[in-house]
Amino acid sequence: INRINQVLRDVSAREKTAVTQRWIRSVIRLLDHYKVEHKAMLKEATTLLELALWKAKIEEKEEKEFVEGMEAKRAKIDIQSKRNERRITSGANIVIKNVLPFLELK
């Protein structure tokens with residue numbers, strides 16, 4: 001606002017409307033740019049949060065299995081399917097669903 005006020009001081013009365021309209025368009029372009037940037041950062045943050053929750057769940061289960069002496073059985077189980085199962089049961093979808101409203105632009 002201060003910037004446009006400074007510019008308008010040096011502009012003739014005939015040009016003030018055009019200058020103000022150009023300034024408003026530039027502000028709208030900047031806002032659109034920042035919204036796109038925010039959305040990209042939000043997507044990245046959501047992915048990182050999901051991966052962190054998944055990793056924590058994997059480590060929690062592995063520690064529990066180790067303590068219970070199931071390490072020998074673990075070698076026989078398909079590790080990839082176990083990781084996928086833990087990703088689904090990590091609770092990330094619930095956490096993200098409750099965190100996103102605080103991060104999204106309104």
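Because only heavy atoms are used, hydrogens play no part in the values below, and waters and symmetry mates are left out as well, while side chains stay in.
Remark: L8 CG to E15 CD distance equals 10.5 Å, nearest 0.5 Å. Taking CD of E50 as the start and NZ of K55 as the end, the distance is 15.0 Å to the nearest 0.5 Å. Note: Q21 CD to R25 CZ = 6.0 Å, rounded to the nearest 0.5 Å.
Taking hydrophobic clusters as Ile, Leu, Val, Met, Phe, Trp and Tyr residues chained together by side-chain heavy-atom distances below 4.5 Å, L100 shares a cluster with L53. When the side chains of ILVMFWY residues are joined at heavy-atom separations under 4.5 Å, either directly or via intervening members, I24 and V7 end up in a single hydrophobic cluster. Hydrophobic clustering keeps L31 apart from M41 (ILVMFWY residues linked when any side-chain heavy atoms are closer than 4.5 Å, directly or through intermediates).
Taking the side chain to side chain contact (heavy atoms under 4.5 Å, CB included) definition, one finds that L103 meets it with L42, V99, sequence neighbours left out. Under the side chain to side chain contact (heavy atoms under 4.5 Å, CB included) criterion, S26 pairs with W23, R29, sequence neighbours left out.
Remark: K39 NZ is loosely packed, at most 12 non-hydrogen atoms of other residues, nucleotides or ligands lying under 6.0 Å away.
Residues L30 make up the rest of the hydrophobic cluster containing Y34, defined by ILVMFWY side-chain heavy atoms closer than 4.5 Å, directly or through other members.
Contact of the V36 side chain with the D32 side chain is not registered, since no non-hydrogen atoms from C-beta on lie closer than 4.5 Å.
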